[in-house]
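Quick notes on the structure that follows.
Just so it is clear, the structure is predicted and the values come from calculations on it, not from any experiment. So that the names make sense, note that chain A is the first sequence line, chain B the second, and so on, each numbered from 1.
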Amino acid sequence: MQYSESRTRTLQWLTYASIGLFIISFLMIFFYVGPEQTQGEVQRIFYTHLGAFFGSFLLFIAAFIAGIQYLRTRQEKWDDLGLSAIEIGLGFSLINIVTGSIWARPIWNTWWTWDPRLTTVSIMWLAYAAYMMLRSGIEDPNRRRRFAAVYSILAFSSVFLTIIIIRIRPDTIHPVAAGPTSTSEGIEGDFAMSTRITETLLFTIFTYVVISITVLWHRIRLENRAKQIQSRKMKLLLNA
Amino acid sequence: MSATTTTSETTTPAAKPRRLRTPYFQVVASLAWKDLRAEARGRELVNAMLLFSVMAVLIFSFALELDRQAQEATVGGVLWVTIAFAGTLGLGRSLAAEKDKGSLDALLLAPVERSALFYGKMIGNFLFTLAVGFLLVFLLTVLFNVNLFRPVLWLIIVLGCLGFATTGTLVSSMSVHARAREMLLPILLLPVILPIIISATRASTALLTELKTEDWLPWLQLLGMVDFVFLLAGFFLFDFIVEE
């Protein structure tokens, strides 16, 4: 498969952009934004924490859409998209969980607690890990693609649950991120965000979104390359 | 089945294309009935599930020797963990037996709606899981000394088992095609049924610890909502799983 020149250039540009953005956001986290009022220096990890969550969230949505599209159109590219998105999404949500755990140690005084959102995020991770298991367990490639698409749709229910859990379980110690909050603030203290905090946060989220798109694109190309090599191998074996 | 075939044959074939399709609900009912009859004769599945759940509850009550208050707080969790594990045990067999004997292929050849097959199998699994659930109500009442004979709890059990069987039938119809299917089924199933288990456990625990209605009602509503979503998902997704 030959890629068009312009697309390759866009990808190159995106790669440089995500490296640049990452450095800038890193500098912003450490030098631009001051330590948070109640939490001090540890709060700086929060930007990475939320950024990685948004990255994985985006990738899992992509996998969900890819699953639906594969079942509708039966084009292999959707399956490649789904696989790539979930693989990278697993990485991002692992960053999310690990940074959250590091953050929780000084703030909640524990590495891990069965907070509702922690529970649903870890279940989400397990669901997508199970997706990888399912793929490796089925040999027939057509059936594998089909089942993977179905399972990625089912597994999305865990992503959905992660989003809505803080609405139905107000006892969570995670702050409500979207929509008006009915609960009083949790242990985190007042999240009255200063402008610098808001700016850094939005920038980091943007950075992680760009990074996840770039890595996804590279991963899809890798998948295509692997297939190309496979088909060449087959051709060679047939001719020999 | 025969009744509809004759009626469609009596109409003139030229005027109408012959329709061999059995009515939807008849397919569902006859498939579920078939599973029930097979089970009534062999009792392979239900016996294993019931025995497993008795053992699990005994282990739980042995491992968690609790005071009165702690028992009320844990009995909901014990109930749902046991239902989930015993149910997984049953699901693994239900479709595997169908596939190994080749009857799954025969069912798929039949000119009926695929989703009807899904609901038929689902009802069988649902009833077996429900049997486990109601056995557990007796068993836990005795062993944990907490009165589980409450209509609302039964409603929770019915809804929870319904969701479990729906998702379980869907997932196990995929896992039967995998290499290590007995191993794969729990791994695939447990993360997906978690919304059901969490909401059912929370609702049962809130109910048993005598909390107010507004403490368990949202969980019950969530449970109903999740059930509905998965029932619908089964309708749309089962076709894609079994098509060959």
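Interface remark: I187(B) contributes backbone and side-chain atoms alike to the contact with chain A (heavy atom separation under 4.5 Å). Contact of F236(B) with chain A is not made at all, since no heavy-atom distance falls under 4.5 Å. In this structure, chain A has a heavy atom under 4.5 Å from the side chain of L184(B), while its backbone stays farther away.
For residues 167-180 of chain B, a heavy-atom distance under 4.5 Å to chain A picks out L170(B), V171(B), S173(B), M174(B), H177(B), A178(B), R179(B), given by residue number. Contacts with chain B (heavy atom to heavy atom, under 4.5 Å) involve these residues of residues 125-155 of chain A, listed by number: L126(A), A127(A), A130(A), M133(A), L134(A), S136(A), G137(A), I138(A), E139(A), R143(A), R146(A), F147(A), V150(A), Y151(A), I153(A), L154(A). Of residues 61-90 of chain A, those residues with a non-hydrogen atom less than 4.5 Å from any non-hydrogen atom of chain B are, in numerical order, L71(A), R74(A).
With chain A as partner, the option from S199(B), P191(B), A233(B) having the largest number of non-hydrogen pairs under 4.5 angstrom is P191(B). Note: I241(B) leads L190(B), V192(B), I241(B) in heavy-atom pairs under 4.5 Å with chain A.
In this structure the side chain of F230(B) reaches within 4.5 angstrom of the side chain of S157(A), judged on heavy atoms.
The number of heavy-atom neighbours closer than 6.0 Å to CD of E44(B), taken from other residues, nucleotides and ligands shown, is 12 or below. Counted within 6.0 Å of CZ on F160(A), heavy atoms from surrounding residues, nucleotides or ligands total 12 or fewer; the atom is thus considered open. Counting non-hydrogen atoms of other residues, nucleotides and ligands closer than 6.0 Å to CZ of R150(B) gives a total above 12. The environment of OH in Y24(B) is crowded: more than 12 heavy-atom neighbours from other residues, nucleotides or ligands sit within 6.0 Å.
A side chain to side chain donor-acceptor pair (under 3.5 Å) check over residues 51-65 of chain A, counting only residues at least two apart or in different chains, returns nothing.
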